[in-house]
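Structure first, then comments.
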Amino acid sequence: MALSFIGRIICARRNILITPCRSGYIVLLPEVPTDVPDDPLLKTQGIPEISSLSTEKCSSAVRKYALDFESAVWKIEDQLKENPTQNVFADVLDPLEKHGAPLDTTWGLVKTLYLTNKDLMPVRVYVNIHNKARQSRALKFSSEPIYTACKEASVNNDLTEEQKRVVGKYTLEGRLNGLGLDSARRLKLQQTLKQITQEKTKFKSKVEVATKNFQHKIEDHSIVRDFPEDVLRMMVSHSSQPNQGPWKVTLNTHVYSKFLEYCPDRDMRWNVWQAYTRRASKYADPNLENSTHLEELRYLRRYQASLLGFESFAAMSMETKMAGSVEKVKTMITSLLARARPTQDREIFELQEFAISRGFQGSIQLWDLPYWRRKQHTSLFGVSEDQIRKYFPLPRVLTGLFMLCEQLFGVHIQERKSLHMWHPDVQYFDILEPDTTQPVAGFYFDPYTREEKLNTYQDAGWMVALRGRSSLVNTTPLASLVFNFPRPYGGQPALLSFSELHLLFQKFGHALQHLLTRTSYMEVSGLSNVEWDAVEVCSNFMSHWLYDPSTIDLISAHVETGEPLPSSMLQQLCLAQRHMTGYELCRELYLASLDLELHSSKDFWLDLVRKLWPQYFAFPLDSKDSHPCSFTAIICEEWGAAYYCHLWARIVAADVFSTFLEAGLSNKEDLHMIGRRFRSTFLALGGGCHPGEVFRRFRGRDPSPKALLNSLGLKQYGVSEAPSSQ
C-alpha cells in the first residue's frame with residue numbers, strides 16, 4: 001500500500017516521520033518541534049538575525065526547511081507522474097528554487113556558526129545538521145520524474161544559455177546517480193556506492209590512527225631554539241608556555257612540515273619523515289595497512305564508472321571538469337613538466353652546493369630539503385616576516401583591497417555599522433554599484449583568531465556562501481569571510497604576514513565570484529555549478545595583484561611611519577615567491593599524475609609509483625615510501641581523479657592576469673576596460689556558462705600554460721644547463 005501524496009505532505013508539514021512495515025506504516029516521533037516559527041532565522045531586508053543564533057534555532061530551522069523542501073519535491077514528482085510538463089521551469093525548476101532558497105541560506109548560517117563558535121555549534125551537532133541539509137537538497141537530483149523532465153527539456157532550443165546549464169546540471173547529476181539505468185544496474189550502483197563509503201571510512205580511520213600513534217619527544221631546547229613561537233605552541237602541553245618543554249613532534253601536517261623546516265638534527269628529521277611517508281602501510285603497523293583498502297576502492301570506483309557507461313573513474317570525473325578529458329589534462333602535465341623538471345634539477349644542484357658551503361656532508365635527501373631550503377631562502381632574500389608585517393596593518397589592507405576592486409570592477413564597498421553581529425570583531429560590508437544606494441550584495445568579515453573558532457591555525461580561512469542570487473526569489477548574494485589572523489595587540493592594529501595577505505586576497509577573489517554574479521537562477525549563481533577545475537580561478541587571479549607595485553602602494557603603510565612597502569622589499573618578495581618553484585611544480589604534477597593513473601589504470605599502486613616517480617623527482621624513491629596509503633585527499637575526500645584541478649585553475653588565472661600585464665599595469669584606462677570585461681565574464685556568468693566559453697569570451701582563445709610558467713620564472717634550460725643533483 002502506497003502512502004498518498006496528501007498523506008506524505010501532511011506528515012512532512014507536521015514533522016511526523018513515517019516508515020513502512022509489512023502491515024502498513026509506523027508513525028515515529030516528531031523530528032522537529034511543531035511550534036517552529038515560519039521564519040526562525042531569515043529576516044526582512046535580506047539580512048539574517050545573526051546575533052540571536054543558537055544551536056536550537058539552527059537545528060529546528062534546518063529541519064523545518066528540509067522537510068518543506070522534501071514536500072515540494074514529492075509534490076512535483078506526483079504532478080509529473082499525472083501530467084508530463086510542458087514548461088520545465090514553471091512546473092519543476094522554479095518551485096524547487098523557491099523552496100530550496102530558505103534551506104540553502106539557513107545551511108550557510110549553520111556553517112558560519114560552526115566556523116566561528118565551536119562551543120555554540122559543536123562538531124557532532126553540526127555534522128547532524130549538515131548531513132540532514134545535504135541529504136534533503138540532494139533529493140531533487142535522485143528523482144526519476146524530475147530527471148526525465150529535465151532530460152526531455154534539454155533538447156529545447158528555446159532555452160537560454162543559462163537555462164540550458166540549469167537543465168544540464170539536473171540531467172548530469174541524475175545520470176551520475178544512476179537515473180536512467182534499469183533497476184538491476186541501479187541496484188548494483190547503489191550497493192557499490194555504499195561499499196565505497198565503507199571503504200573510504202576504513203581508509204580514513206586507519207590514517208587518523210596511524211597519524212596519532214606516532215610521537216617523538218624533544219627535551220633538548222637547543223633542538224627547537226630556531227622554531228617559531230607559533231610552532232612551539234602546537235608542540236607543548238600548555239600553549240601559554242611555548243618555551244617550556246618537553247616538545248612533542250606529531251605527524252599532524254602543521255607540526256610535521258614546520259618541524260622538517262626548522263629541526264637541525266638530520267637523524268631526527270629522517271625519523272619523522274619516514275614515519276610520515278610510511279603511515280598506514282605494512283612497514284609501520286601491519287594492523288593499520290591501507291594497501292588493501294586502496295586497491296579495493298580503486299576496483300569499486302572502476303566498477304561504478306562502468307555501470308554508468310564510462311571507460312574509467314577518471315573519464316567519469318571529466319564530466320564535471322572544464323578540461324573535459326583525461327588526455328587534455330595529461331597534455332597539460334607534460335607541457336609543464338618539460339620546463340619544471342630541468343629547473344628542479346638545477347635548484348637541487350644549487351641547494352646541494354649551498355648546504356656544502358654551510359658544512360653539510362653527503363647528498364641532500366627529501367628529509368633534508370625543507371631545512372636547507374629555508375636556510376637558502378633566508379640567505380638569498382633575507383626579508384623577515386616581522387619586517388613585512390609592519391607594512392600591512394589590516395585596516396589599511398582592507399581599504400586598499402576595496403579601492404582595487406573599485407578600480408577594476410567599478411563597485412563600491414562600504415561598511416554598514418547598524419547591524420548586530422555574532423561577535424564584536426565582525427564587520428558587515430555592502431557592495432554597491434556607482435551612484436546607487438541599494439546594495440547588490442553583502443558580506444560578513446570575521447578576521448581574528450578566537451578560542452571558540454573552529455581552527456586556530458593562522459593559515460585557515462573560509463568563504464561561506466550564505467545566499468545566492470535569484471531573480472525568482474528576488475534575493476541578492478550574501479557571504480561570510482572567516483579568518484584566523486592575529487588580533488590587534490599593544491595599541492596597534494592587526495598586522496598581516498605576506499602569506500596571510502595571499503590568503504585574504506584568494507578568499508576575497510572566491511567571494512567576488514559569488515557576490516558579483518549576475519545569473520538569474522540560484523542553481524548556477526556564483527560558484528554553483530562551476531566546473532571543479534575552474535572554481536579556484538578567481539581566487540588565484542586576485543593573488544597575482546600582490547606583486548603589482550601600485551597595488552602594494554594601496555594596501556601597505558608602515559604601522560609607525562605610514563610609509564608604503566619599499567620597492568626593494570617588494571622586489572625581494574617577487575624573487576622569493578619563485579624560490580624552488582621547479583621542485584614544487586614537479587611535486588604537484590606528480591600527485592596529479594598519480595591520481596589520474598590510480599583512477600584510470602589497473603596496475604598495482606606501487607607499480608604506478610615506481611613508474612612515475614623518476615619522471616618527476618630528482619631524488620630516488622625510498623624503498624618503503626608508501627605515501628598513497630595515506631593520500632586521503634583523493635581517496636576519502638572529493639579530489640579523486642580531480643587533484644589536477646588546483647593546477648588547472650592556476651594556469652587559467654595566470655593567463656587571465658597576463659591580459660592585464662600585456663596592457664601595462666600602469667595603463668589605468670586599459671586596466672579599467674579589462675577589469676570590466678573580467679567582471680562581465682568570470683565574475684558575472686557564474687555556473688551559467690561553461691568556463692571554457694567564459695575564458696574565450698574574456699581572452700579570445702583557449703588557455704595556455706605559458707603565463708604560469710613565466711610567473712614562476714621557469715626558463716627553458718638546455719641539457720647542459722640543467723645538471724643532475726645526484
Side-chain angles (χ1 to χ4, degrees), residues 111 114 123-124 126-128 130-131 133-135 138 176-177 189-214 250-257 275-305 308 312-314 316-318 320-321 454-455 457 460 462 532-533 535-536 587-588 590-601 604-606 608-609 625-647:
K111 291 178 186 177
Y114 170 62
V123 174
R124 179 183 56 81
Y126 169 74
V127 169
N128 289 336
H130 174 76
N131 288 341
R134 184 175 59 180
Q135 181 182 22
L176 296 179
N177 282 328
L189 179 64
Q190 292 171 348
Q191 293 171 338
T192 301
L193 292 174
K194 183 178 180 181
Q195 288 176 284
I196 288 175
T197 300
Q198 293 171 344
E199 288 297 321
K200 286 166 65 175
T201 300
K202 294 175 184 176
F203 188 99
K204 184 178 181 180
S205 176
K206 288 189 174 182
V207 173
E208 290 175 346
V209 173
T211 300
K212 292 177 181 177
N213 280 354
F214 176 87
T250 69
L251 300 184
N252 175 290
T253 303
H254 284 81
V255 175
Y256 166 78
S257 60
Y276 188 84
T277 57
R278 299 174 189 177
R279 284 178 303 162
S281 74
K282 65 180 182 180
Y283 300 111
D285 184 346
N287 294 321
L288 296 175
E289 69 88 14
N290 259 338
S291 178
T292 304
H293 297 301
L294 174 57
E295 288 302 297
E296 181 66 14
L297 273 163
R298 292 178 64 206
Y299 165 76
L300 291 170
R301 283 176 169 172
R302 284 197 301 271
Y303 187 55
Q304 173 194 358
L308 293 170
S312 66
F313 186 82
M316 184 181 79
S317 172
M318 294 301 133
T320 58
K321 308 298 185 295
L454 174 66
N455 196 327
Y457 296 128
W462 300 269
W532 280 35
D533 45 4
V535 166
E536 297 173 2
R587 180 179 175 276
E588 288 299 300
Y590 165 75
L591 293 175
S593 185
L594 176 63
D595 176 33
L596 287 180
E597 289 295 327
L598 286 172
H599 291 106
S600 57
S601 169
F604 184 54
W605 68 263
L606 183 55
L608 292 175
V609 169
D625 189 333
S626 306
H627 56 275
C629 292
S630 57
F631 198 177
T632 54
I634 67 167
I635 301 301
C636 305
E637 299 171 17
E638 298 176 329
W639 297 103
Y643 196 84
Y644 83 92
C645 291
H646 307 294
L647 271 175

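Below, each value reflects all heavy atoms present in this structure, side chains not excepted, and no hydrogens, waters or symmetry copies.
The closest donor-acceptor contact from the side chain of Ser205 to the backbone of Thr201 lies at 3.5 Å or more, if one exists at all. Side-chain atoms of Glu637 never come within 3.5 Å of backbone atoms of Trp639 as a donor-acceptor pair (strictly under, hydrogens ignored). Counting only distance, with no hydrogens or angles, the side chain of Ser600 and the backbone of Ala314 share no donor-acceptor pair below 3.5 Å. Judged by distance alone, with hydrogens and angles left aside, the side-chain atoms of Thr320 form a donor-acceptor pair with the main-chain N or O of Ser317 at under 3.5 Å.
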Can you list the steps and then say if Leu591 with Asp595 is a side chain to side chain contact (heavy atoms under 4.5 Å, CB included)? CA-CA 6 Å; Leu591 293 175; Asp595 176 33; over 6 Å; no

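Between Tyr256 and Tyr276, the ring planes are parallel. Angles under 30° get that label, and only those over 60° would be called perpendicular.
In this structure, the side-chain contact (heavy atoms from CB on, under 4.5 Å) partners of Arg134, at least two apart in sequence or on a different chain, are Trp107, His130, Asn131. Annotation: side-chain contact (heavy atoms from CB on, under 4.5 Å) contacts of Gln190 (sequence neighbours excluded): Arg186, Leu187. The ring pair (Phe, Tyr, Trp, His ring centres under 6.0 Å) check on Phe313 picks up His599, with sequence neighbours excluded. Lys202 is linked by a side-chain contact (heavy atoms from CB on, under 4.5 Å) to Glu199, His293, counting only residues two or more places apart in sequence or in another chain. Val207 pairs by the side-chain contact (heavy atoms from CB on, under 4.5 Å) definition with Phe203, Thr211, Arg279, Ala280, Asn290, Ser630, Thr632, not counting sequence neighbours.
Here the shortest heavy-atom pairing between Leu189 and Leu308 reads CD2-CD2, 3.8 Å. Nearest heavy-atom pair across Lys200 and Leu297 is CG-CD2, 3.7 Å.
Residues in residues 203-212 take part in no salt bridge (charged side-chain N to carboxylate O under 4.0 Å, His left out) pair, two or more places apart or across chains.
Evaluated for a ring-ring contact (aromatic ring centres under 6.0 Å, His included) with His627, the options Tyr283, Tyr590, Trp605 yield exactly one hit, Tyr590.
In Tyr299, the OH atom is not crowded: 12 or fewer heavy atoms of neighbouring residues, nucleotides or ligands sit closer than 6.0 Å.
A heavy-atom distance below 4.5 Å is not found between the side chains of Trp462 and Lys111.
Note that the CG atom of Leu176 and the CD atom of Gln304 stand 8.5 Å from one another [nearest 0.5 Å].
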